[in-house]
Colleague: 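Here it is, the structure, as structure tokens.
Predicted, not measured: the structure shown is a model, and the values here were computed from it. Computed from heavy atoms alone, side chains included, the values below leave out hydrogens, waters and symmetry copies.
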Amino acid sequence: MKKIIIVDDNYKTSEGIFRQINWEQLNIEVVDIFTNPEEALNCLQKQSIDLIITDINMPSMNGIELTKKALVLNPMIKVIFISAYDEFRYAQEAVRLDVCDYIEKPIDFEYLHKLLNSTVEKIDEENDILYQIKENKPLLTEKFFIDLIESSPKYASYYLAEQARFLEINTNDEAYVCIIFDIKNLRTLMTSHNIEQCHISLIQLKNAFYHSFITMGSIYSFQQGDNIIFIIGTQKDQYKRLNRDLEKFSNFFQTILSYKIGIGVIVKDIWDISISFNRAEQALEHQFIYPETNIFIAKELDDRQQSPLIFTDEEEDLLVRLISTNNLEEIKQFIDNLRLHWTDQGASKNFIHAHIYKLISRIMKFSQDTNIIDNKWSQQVSLFFVDIHEMETLEQITNHFYILCEKLCSKFDQSISNRTEIVTEEIKNYIHNHYMDYNLNLNSIAEEINLNASYIGSIFKRAANTNIPKYITKIRMERAKELLENPQLKIKDISELVGYANQYYFSASFKKYYGKTPSEFRS
């Protein structure tokens with residue numbers, strides 16, 4: 001049954017309302033009738049009232065002022081104002097309070113009865129909603145904390161403060177910290193075990209955590225994916241104790257759940273908890289570097305990382321050289337040194353991914369510049385980056401990296417071999433067609449085929465088992481020998497025809513090559 005009070009400085013008006021309305025039919029109890037608003041306010045302070053009928057214009061305190069004070073005591077209270085026709089401006093202000101309706105004098109009691117009935121229905125509807133909200137309060141609390149960890153401190157303090165008060169969340173602790181339990185086998189358990197048993201295990205984990213840390217302060221928990229997230233409001237000096245007690249907790253709490261724990265940094269305000277959450281997530285990224293560790297503490301990892309982690313062009317150049325020369329032994333040593341460096345410095349997973357990406361990108365650029373690797377192989381390299389994002393340990397990543405480098409070596413070796421044959425043949429053809437040019441040499445050939453001189457010199461020697469100058473001499477001497485068989489040609493003319501501007505230098509070169517001068521050979 002709803003409770004109502006009637007307030008009007010004219011007692012006859014109040015008495016008329018009391019007698020003309022069928023309160024029992026409306027399921028309403030009239031608690032009292034007041035001619036003095038101050039006495040009505042005193043009644044509101046002592047007991048719960050659902051509804052007020054009040055005149056707007058009263059001498060000591062008008063109905064608007066009474067309503068505003070009543071709303072402070074009970075924000076859900078409903079008000080019906082009685083107003084004269086010339087008091088409409090007061091009624092407009094009353095409507096803006098969004099808790100009331102009004103009826104004009106003289107009172108139409110039939111209309112008032114309908115108005116009271118609709119107000120009771122509205123109260124019932126709101127009470128039903130409030131009951132649902134109360135029943136769903138744990139879900140609303142969980143949503144609040146999910147919004148909190150995903151919001152910036154400025155946004156959280158502005159938009160979530162009222163929700164915190166409604167949900168009775170303590171926002172006045174001296175310090176706050178976020179702890180993440182990363183459940184590693186939850187999905188496996190959900191498919192291989194009874195799902196109810198998995199949920200029981202998760203609740204047991206939460207209960208055990210509450211029991212172990214309840215003396216530290218306020219504790220809130222919620223689940224996000226495979227993570228159970230705890231937020232503790234505590235004292236600043238409790239941080240070391242928290243780390244120590246979590247170590248004990250992880251050692252002695254028995255469960256089918258396999259988990260790693262990430263501890264964020266202490267923040268002074270609950271609205272900054274997203275900072276602690278992000279740092280806890282970053283701390284957990286180190287689990288693939290230290291697979292045997294169960295607890296990852298953001299502050300300790302910060303202290304461990306004494307010097308900044310940087311990329312260097314020198315190591316990129318070194319890896320390119322090792323792959324292009326198919327030096328697998330030194331490649332393995334190179335990757336082992338990288339792993340030691342990452343481990344010593346406590347590198348994050350994102351940093352390691354970025355570091356490997358930069359190294360591979362440098363190799364791919366070199367391969368494209370030299371036309372060694374095709375689009376199909378580039379796709380395989382792209383899949384490599386997809387694979388490493390799914391890997392759980394640093395060992396898996398470095399092994400996968402070595403396998404990729406090994407495949408790149410093989411591809412480079414095969415491609416370079418093919419490339420060497422093509423370039424060598426191109427050099428030979430050019431020499432055969434231009435041996436008569438006085439200025440034919442290594443540099444002029446490199447410029448003509450648009451390749452580095454030292455590069456074509458090295459691959460030609462590897463493929464032809466001689467260097468380019470010697471090969472030029474060989475072709476010139478063989479052609480000179482053919483021309484000497486023609487007695488009509490002078491030796492001076494022959495020297496010019498095979499690329500020698502000086503006849504005497506030609507004769508000396510010919511004798512050095514064949515052991516005879518051109519004249520002796522002709523005789």
Side-chain angles (χ1 to χ4, degrees), residues 1-135 137 162 165-166 168:
M1 181 170 283
K2 307 299 180 290
K3 294 184 177 181
I4 189 172
I5 60 173
I6 303 172
V7 186
D8 196 314
D9 57 331
N10 186 333
Y11 184 79
K12 289 183 178 180
T13 301
S14 300
E15 183 71 18
I17 293 172
F18 175 70
R19 295 188 180 279
Q20 294 295 326
I21 299 298
N22 188 339
W23 301 104
E24 186 176 350
Q25 183 181 4
L26 292 169
N27 196 28
I28 296 177
E29 174 192 351
V30 179
V31 174
D32 211 335
I33 297 174
F34 298 99
T35 57
N36 186 337
E38 297 287 352
E39 293 178 359
L41 188 61
N42 187 49
C43 173
L44 293 171
Q45 291 171 340
K46 292 180 180 179
Q47 60 179 304
S48 177
I49 301 297
D50 302 294
L51 180 60
I52 303 173
I53 296 177
T54 178
D55 190 15
I56 282 186
N57 193 6
M58 295 182 289
S60 60
M61 179 190 303
N62 66 37
I64 301 291
E65 293 170 343
L66 172 63
T67 298
K68 289 178 179 178
K69 292 180 180 182
L71 287 170
V72 173
L73 297 173
N74 179 8
M76 303 304 296
I77 200 166
K78 298 291 175 284
V79 181
I80 296 175
F81 289 102
I82 303 170
S83 69
Y85 177 77
D86 58 357
E87 295 169 347
F88 183 70
R89 63 186 182 88
Y90 289 109
Q92 285 181 314
E93 183 179 353
V95 170
R96 283 197 294 269
L97 293 173
D98 198 30
V99 294
C100 60
D101 210 325
Y102 70 95
I103 185 169
E104 292 181 1
K105 297 178 182 177
I107 297 173
D108 182 340
F109 292 107
E110 182 178 351
Y111 175 72
L112 178 58
H113 189 280
K114 292 179 180 179
L115 199 58
L116 286 165
N117 186 61
S118 63
T119 303
V120 168
E121 289 177 352
K122 186 174 183 179
I123 292 172
D124 286 337
E125 180 187 17
E126 290 184 357
N127 286 340
D128 185 51
I129 293 172
L130 285 173
Y131 175 79
Q132 293 178 43
I133 291 174
K134 185 177 180 180
E135 289 296 304
K137 200 169 184 179
E162 286 298 326
R165 279 190 284 272
F166 169 72
E168 299 177 341

Colleague: Mind checking side-chain hydrogen bond (donor to acceptor under 3.5 Å, both in side chains) for Glu162 and listing every partner two or more places apart, or none if nothing turns up?
Modeller: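 For Glu162, the residues satisfying side-chain hydrogen bond (donor to acceptor under 3.5 Å, both in side chains) (neighbours in sequence not counted) are Arg165.
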Colleague: Could I get the full list of side-chain hydrogen bond (donor to acceptor under 3.5 Å, both in side chains) partners for Tyr111, not counting sequence neighbours?
Modeller: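 side-chain hydrogen bond (donor to acceptor under 3.5 Å, both in side chains) check on Tyr111 returns nothing, list empty.
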Colleague: For Met58 versus Asp8, what's the shortest heavy-atom pair and its separation?
Modeller: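 Taking Met58 first and Asp8 second, the nearest heavy atoms are SD-CA, 4.0 Å.
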Colleague: Considering residues at least two apart in sequence or located in another chain, which fulfil the side-chain contact (heavy atoms from CB on, under 4.5 Å) criterion with Gln20?
Modeller: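 For Gln20, the residues satisfying side-chain contact (heavy atoms from CB on, under 4.5 Å) (neighbours in sequence not counted) are Phe109.
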Colleague: Run the salt bridge (charged side-chain N to carboxylate O under 4.0 Å, His left out) test against Glu168 and tell me which residues pass, sequence neighbours left out.
Modeller: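 Partners of Glu168 by the salt bridge (charged side-chain N to carboxylate O under 4.0 Å, His left out) criterion, ordered by chain and then number, come out as Lys137.
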Colleague: Output all residues satisfying side-chain contact (heavy atoms from CB on, under 4.5 Å) with Asn27, sequence neighbours left out; order by chain, then residue number.
Modeller: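 With sequence neighbours excluded, Asn27 shows a side-chain contact (heavy atoms from CB on, under 4.5 Å) to Met1, given in chain and number order.
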Colleague: Among all residues two or more places apart in sequence or in another chain, which pass the side-chain contact (heavy atoms from CB on, under 4.5 Å) test with Asp32?
Modeller: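 Applying side-chain contact (heavy atoms from CB on, under 4.5 Å) to Asp32 gives Phe34.
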Colleague: If every non-hydrogen atom of Ser83 is compared with every non-hydrogen atom of Ile56, which pair is closest and at what distance?
Modeller: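 Smallest interatomic distance, heavy atoms only, reads CB-CD1, 3.8 Å.
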Colleague: Restricting to side-chain hydrogen bond (donor to acceptor under 3.5 Å, both in side chains), what partner residues turn up for Asn127, sequence neighbours left out?
Modeller: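 Here no residue qualifies.
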Colleague: Write down the atom of Ser14, the atom of Val7, and the distance for their closest heavy-atom approach.
Modeller: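 Residues Ser14 and Val7, closest heavy atoms: OG-C, 4.4 Å.
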Colleague: Could you list all the salt bridge (charged side-chain N to carboxylate O under 4.0 Å, His left out) pairs where at least one residue sits in residues 17-29, not counting sequence neighbours?
Modeller: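 Qualifying pairs: Glu15-Arg19.
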Colleague: Indicate the atoms forming the closest heavy-atom contact of Leu51 with Val79, along with that distance.
Modeller: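 Taking Leu51 first and Val79 second, the nearest heavy atoms are CD1-N, 4.2 Å.
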Colleague: Taking only residues two or more places apart in sequence or in another chain, which ones pass side-chain contact (heavy atoms from CB on, under 4.5 Å) with Ser60?
Modeller: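 Here the qualifying residues are Asn36, Pro37.
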Colleague: Quick one: list whatever passes salt bridge (charged side-chain N to carboxylate O under 4.0 Å, His left out) with Glu65, sequence neighbours left out.
Modeller: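 With neighbours one apart ignored, the set is empty.
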Colleague: Identify, with sequence neighbours excluded, every residue that meets salt bridge (charged side-chain N to carboxylate O under 4.0 Å, His left out) alongside Glu126.
Modeller: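 Applying salt bridge (charged side-chain N to carboxylate O under 4.0 Å, His left out) to Glu126 gives Lys78.
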Colleague: By salt bridge (charged side-chain N to carboxylate O under 4.0 Å, His left out), which residues pair with Asp108, not counting sequence neighbours?
Modeller: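 Residues passing salt bridge (charged side-chain N to carboxylate O under 4.0 Å, His left out) with Asp108: none at all.
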